[in-house]
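Worksheet: the structure to be examined is printed underneath.
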Amino acid sequence: MTTRIVFFAIALAIVGALVWAYHHDNELRKNSLEVNLGDANEVVRELLGDPSSEGPCGALTAVPTGCVDEYVYRYYYSIFNPQYEVVWFDGSGKVLGLQQVKRP
């Protein structure tokens, strides 16, 4: 009986994680279309949430001139072909550009 409960709990956790990842990726894809050039970084965080990583420009791709900071948002449902949304900011904290990146 205990084995069945443990198996059911593990299966439920896996299904829950897959559902959460699918929902997260759909929201990220939808909300990334609402980010505009010149938006403040607070607006980007409000739309997309906290980034998966934040730091200096150039972590994944070539960057536009004037880039000071970069937010990288990971799509969690793309395990075998990782995808990211990359948002670049200038020195005043305004959006310089946004790009979807797929890693080979």
Checklist outcome for this item: Residues pairing under salt bridge (Lys or Arg N to Asp or Glu O under 4.0 Å) where one sits in residues 59-83, two or more places apart or in two chains, turn out to be none
Checklist entry - Given a cutoff of under 4.5 Å between side-chain heavy atoms of I, L, V, M, F, W and Y, with clusters grown through shared members, what are the other residues clustered with V44? => result L28, V35, L37, V43, L47, L48, Y71, Y73, Y75, V87, F89, V95, L98
Item to check | H24 side, atom NE2; N26 side, atom CG - distance, nearest 0.5 Å | outcome: 10.5 Å
Checklist entry - With clusters built from Ile, Leu, Val, Met, Phe, Trp and Tyr whose side-chain heavy atoms come within less than 4.5 Å, directly or transitively, what are the remaining members of the cluster of Y22, listed by chain and number? => result V6, I10, I14, L18, Y77
Next on the checklist: Going by side chain to side chain contact (heavy atoms under 4.5 Å, CB included), name the residues that satisfy it together with T61, two or more places apart in sequence or in a different chain.
Outcome noted: W88, Q99, V101
Item to check | Qualifying residues under side-chain hydrogen bond (donor to acceptor under 3.5 Å, both in side chains), relative to D90, sequence neighbours excluded | outcome: S92
Item to check | ILVMFWY clustering at 4.5 Å (side-chain atoms), partners of F8 | outcome: L12
Checklist entry - Could you give all pairs that pass the disulfide bond (SG atoms under 2.5 Å apart) test and reach residues 13-87, with sequence neighbours left out? => result C57-C67
Item to check | Hydrophobic cluster partners of Y76 (side-chain heavy atoms under 4.5 Å) | outcome: W20
Checklist entry - How would you list, by chain and number, every residue that makes a side chain to side chain contact (heavy atoms under 4.5 Å, CB included) with I5, sequence neighbours excluded? => result M1
Checklist entry - Does anything in residues 16-37 pair up under salt bridge (Lys or Arg N to Asp or Glu O under 4.0 Å), and if so which pairs, sequence neighbours excluded? => result E27-K30
Checklist entry - Atom CD of E85 and atom CG of N31: how far apart are they, to the nearest 0.5 Å? => result 10.5 Å
Checklist entry - Quick one: salt bridge (Lys or Arg N to Asp or Glu O under 4.0 Å) pairs with a partner in residues 46-63, sequence neighbours left out? => result R45-D50, R45-E54
